[in-house]
Novice: 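Could you have a look at this structure, given as C-alpha cells, before my questions?
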Amino acid sequence: MHDGVAAYVLGVLDEEEHEAFERHLDACERCQAELVELAELPDRLDDLRNVPSASGDDPPMSMSR
C-alpha cells in the first residue's frame, strides 16, 4: 500500500502534498484501487469513536488520542 493513499483519505496531507498526490493518483491505477478500498475509512473510524465500551469505562489511553 502506498502511504500517500491512507494519508490522503484521512486528510492529513498539507496542501502541497495533497496536490502532488492527486497528480500521482491520476496516473497510478494501483493507488486508485487502494483509494476505493480505503474511501470509507474515515467514516468507520468515526463510528468506532462513538461506540460505547462494553464496561462503560473510558477507552485505554492509546485509543483516546
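Only a predicted model underlies this, so the values are computations on that prediction, with no experimental measurement involved.
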Novice: Supply the atom-to-atom distance Asp3 CG to Cys31 SG, rounded to the nearest 0.5 angstrom.
Specialist: 10.0 Å
Novice: I need the minimum non-hydrogen distance between Leu38 and Val5, along with the two atoms involved.
Specialist: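 Heavy atoms of Leu38 and Val5 come nearest at CD1-CG1, 3.7 Å.
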Novice: Kindly write out the residues that satisfy side chain to side chain contact (heavy atoms under 4.5 Å, CB included) with Asp14, not counting sequence neighbours, or none if the list is empty.
Specialist: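 Partners of Asp14 under the side chain to side chain contact (heavy atoms under 4.5 Å, CB included) test: Glu16, Glu17.
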Novice: Considering non-hydrogen atoms only, spot the tightest contact between Gly4 and Phe21 and give its length.
Specialist: C-CE1, 3.6 Å
Novice: Sequence neighbours left out, what passes ring pair (Phe, Tyr, Trp, His ring centres under 6.0 Å) with His18? Give chain and number order.
Specialist: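 Tyr8.
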Novice: Using side chain to side chain contact (heavy atoms under 4.5 Å, CB included) as the criterion, list what pairs up with Ala7, not counting sequence neighbours.
Specialist: Val12, Leu13
Novice: Once you round to the nearest 0.5 Å, how far does CZ of Arg30 lie from NE2 of His24?
Specialist: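 Atom-to-atom, Arg30:CZ and His24:NE2 are 9.0 Å apart.
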Novice: Can you name the side chain to side chain contact (heavy atoms under 4.5 Å, CB included) partners of Val36, sequence neighbours left out?
Specialist: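 Here no residue qualifies.
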Novice: So which heavy atom on Gln32 is nearest to which on Ala27, and how close?
Specialist: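 In this case the closest contact between Gln32 and Ala27 is NE2-N, 4.3 Å.
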